[in-house]
Chemist: 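Dropping the structure in here first, questions after.
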Amino acid sequence: MSKKLLLKDAHIEGIRYFETYRKQGGYTAAEKALKMTPDEILEEVKASGLRGRGGAGFPTGMKWSFLAKPEGVPRHLVVNADESEPGTFKDRYLMEFLPHLLIEGMLISSYCLGSNTSYIYIRGEYSWIPDILEEAIEEAKAAGFLGKNILGTGFDLEIYVQRGGGAYICGEETALLESLEGKRGNPRLKPPFPAVKGLWERPTVVNNVESIAAVVPIIDITGAEYAKIGVGRSTGTKLISACGNINKPGVYEIDMTITVEEFIYSDEYCGGIKDGKKLKACIPGGSSVPIVPANLLLRTVNGEPRYMNYESLADGGFATGTMMGSGGFIVLDEDQCIVEHTMTLARFYNHESCGQCTPCREGTGWMYKILKKIEKGEGKMEDIDLLWDIQRKIEGNTICPLGDAAAWPVAAAIRHFRDEFEWHVKNPELSQTQNYGLAHY
Ligand code: SF4
């Protein structure tokens, strides 16, 4: 059984409210942290090995150490709660059921970074959660954990919740900052990075909800103890939102030492494939990471078991990228059609492209149209090569990672499931009435 750090109290009735959270030991990590110096907290976060839980997996302590500290210029912490990646819903769970864990994490992090005004930028579609967060903020303020002179330390902190307008691209940190400033959410060219010029050109750290929540147990048990959980550079615990053709979709906290096979088939987690079907493929880290066929998902190319951690998931035979991604674990059974699935994702990225860069704006539209054609049985063999060519021309040639995120699923689908694309081309009539999966199993 995986160790629980973030969700250990999630089952307790009323844990959403300050009184219950406090009774369970809530805010003791903040009390401890406020007696430490900001540098001591930073050292704990570095020692923990915590990697950003939003998708990129960049070491959090290192990111914090890049924050510029010019004299007299305010600094900000912005929590990225714009969780819009298809298949990813772990941050929603944290905010909905454990809002004080996030607020406590923000208090510790803001104190460490020197931010007196911090923000939570939340996905617009999570329409009921800002009220939960704002209620928690008011409770924390009434108890003296937010506002002026917190616990008599002289440290002041205000937290504001900003609702997004529903654009996926605002999950990209610089687009998020633009949106927070009241502008259209277009990603910025980097450099300068937010750590130097972020919100209103002030030094800013943008971190994912889960990353900031994880700071609480790090301070609680120390960075060194946190680093002992997990394996290698995959330290601590990770929230995984599991969905698709499984018996038990939901949010699970894992300690990154379990195998992918155990995660999918054990009753503690996904509980196996629905209706006893066969596992066909999986997208292990949210829709932006490449799809993986079952054989490569469960075993490495050397036949070793594959583990649910950053290194193991990225190892051998996959396209580049942090395969753990955002932790959105999408399972596909034998009945699913990879072409249809890839087309759905292409439509999503085309719709969500902000339109600033030609390869992304035009390329995502092309990919969607070609995939639609193939899926309907109207494609030619050359279309598969054209699709391959277009995704290659998008990857690495855009301002923000949305371009890569749109290209990788297409590349992986063709690389691992080319036979399905060819089947649609060779069987135009059949592909209009049934999908590849149903026709072959
Ligand atoms: Fe906009 Fe796409 Fe360019 Fe990102 S890659 S800036 S979403 S056009």
Side-chain angles (χ1 to χ4, degrees), residues 52 54-58 78 80-88 121-125 162-199 201 204 206-208 283 285-291 319-323 325-326 328 342-372 386-414:
F58 192 80
V78 176
N80 186 346
D82 192 59
E83 185 181 52
S84 317
E85 179 90 351
T88 310
Y121 183 96
I122 185 163
R123 178 184 181 189
E125 289 88 342
Q162 175 65 43
R163 294 153 173 86
Y168 168 75
I169 193 57
C170 289
E172 194 281 332
E173 61 177 5
T174 60
L176 185 155
L177 295 176
E178 287 284 294
S179 177
L180 197 50
E181 290 178 8
K183 296 181 242 162
R184 181 188 161 108
N186 280 356
R188 299 173 182 168
L189 275 169
K190 293 190 260 188
F193 290 91
V196 178
K197 275 192 177 182
L199 190 63
E201 303 208 341
T204 304
V206 183
N207 267 141
N208 169 262
I283 302 177
S287 67
S288 300
V289 307
I291 192 166
T320 53
T322 311
M323 303 305 302
S326 61
T342 312
M343 178 191 75
T344 305
L345 290 182
R347 181 173 55 200
F348 171 78
Y349 288 111
N350 179 226
H351 180 74
E352 298 295 344
S353 167
C354 82
Q356 279 193 103
C357 334
T358 308
C360 172
R361 182 186 64 238
E362 302 300 325
T364 53
W366 270 23
M367 291 198 300
Y368 170 52
K369 279 183 198 152
I370 295 167
L371 281 159
K372 196 168 157 190
L386 180 59
L387 204 49
W388 180 263
D389 196 38
I390 295 169
Q391 66 78 21
R392 288 201 62 186
K393 289 194 166 79
I394 298 174
E395 187 191 1
N397 292 317
T398 56
I399 293 174
C400 89
L402 189 142
D404 293 345
W408 289 342
V410 173
I414 298 176

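Numbers for residues simply follow the sequence, beginning at 1. The figures that follow rest on heavy atoms only: side chains count, while hydrogens, waters and symmetry mates do not. Ligands are counted one by one from 1 in listed order, and the atoms in each one are counted from 1 as well.
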Chemist: Please state which option from Pro359, Cys354, Ala407, Ala167 has its nearest heavy atom closest to atom 1 (Fe) of ligand 1.
Modeler: Cys354
Chemist: Which protein non-hydrogen atom lies closest to atom 4 (Fe) of ligand 1, naming both residue and atom, and how far is it?
Modeler: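 Looking at atom 4 (Fe) of ligand 1, the protein heavy atom closest to it is Cys400 SG, 2.3 Å.
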Chemist: Using a strict cut-off of 4.0 Å, indicate which atoms of ligand 1 neighbour a heavy atom of Ser353.
Modeler: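 Near Ser353, meaning under 4.0 Å from one of its heavy atoms, ligand 1 has 2 (Fe), 8 (S).
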Chemist: Test side-chain contact (heavy atoms from CB on, under 4.5 Å) on Tyr121 and Val206; report intermediate values, then the result.
Modeler: CA-CA 10 Å; Tyr121 183 96; Val206 183; over 6 Å; no
Chemist: Go through it in stages, so that I can follow the logic: the residues are Val410 and Ile390, the test is side-chain contact (heavy atoms from CB on, under 4.5 Å), and I'd like the CA-CA distance, side-chain angles, deciding distance and then a yes or no.
Modeler: CA-CA 10 Å; Val410 173; Ile390 295 169; over 6 Å; no
Chemist: State the atoms of ligand 1, each with its element, that fall below the 4.0 Å cut-off from a heavy-atom position in Pro187.
Modeler: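 Per the distance check, 6 (S).
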Chemist: Examine all N, O or S atoms of Cys357, backbone included, and report whether one is under 2.8 Å from atom 3 (Fe) of ligand 1.
Modeler: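 Looking at Cys357, which is the residue asked about, there is an N, O or S atom under 2.8 Å from atom 3 (Fe) of ligand 1.
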Chemist: What verdict does the side-chain contact (heavy atoms from CB on, under 4.5 Å) test give for Tyr349 and Ser288, after you've listed the backbone C-alpha separation in whole Å, the side-chain angles of each residue and the deciding distance to 0.1 Å?
Modeler: CA-CA 9 Å; Tyr349 288 111; Ser288 300; 2.8 Å; yes
Chemist: Of all the atoms in ligand 1, which lie at a distance below 4.0 Å from a heavy atom belonging to Ile399?
Modeler: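 In order of numbering, the contacting atoms are 6 (S).
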Chemist: Tell me which protein heavy atom sits closest to atom 5 (S) of ligand 1, plus the residue, atom name and distance to 0.1 Å.
Modeler: Thr398 CB, 3.4 Å
Chemist: What protein heavy atom sits nearest atom 2 (Fe) of ligand 1, and how far off is it?
Modeler: Cys360 SG, 2.4 Å
Chemist: State whether Arg123 and Glu83 are salt-bridged, where the test is any N-O pair (Lys NZ or Arg NE/NH1/NH2 against Asp/Glu carboxylate O) under 4.0 Å.
Modeler: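 Result for this pair is no, no salt bridge flagged.
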Chemist: State the atoms of ligand 1, each with its element, that fall below the 4.0 Å cut-off from a heavy-atom position in Gln356.
Modeler: 1 (Fe), 6 (S), 8 (S)
Chemist: Does the distance from a Lys or Arg side-chain N to an Asp or Glu carboxylate O, for Glu172 and Lys190, drop under 4.0 Å?
Modeler: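 Salt bridge: yes.
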Chemist: For Glu178 and Glu181: C-alpha separation, side-chain torsions, deciding distance, then whether side-chain contact (heavy atoms from CB on, under 4.5 Å) applies.
Modeler: CA-CA 5 Å; Glu178 287 284 294; Glu181 290 178 8; 4.2 Å; yes
Chemist: Output the list of atoms in ligand 1 that are nearer than 4.0 Å to some heavy atom of Gly403, sorted by atom number.
Modeler: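 Atoms satisfying the 4.0 Å criterion: 5 (S).
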Chemist: Between Cys360 and Leu402, is there a side-chain heavy-atom distance shorter than 4.5 Å?
Modeler: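 Yes - at least one pair of side-chain heavy atoms lies under 4.5 Å apart.
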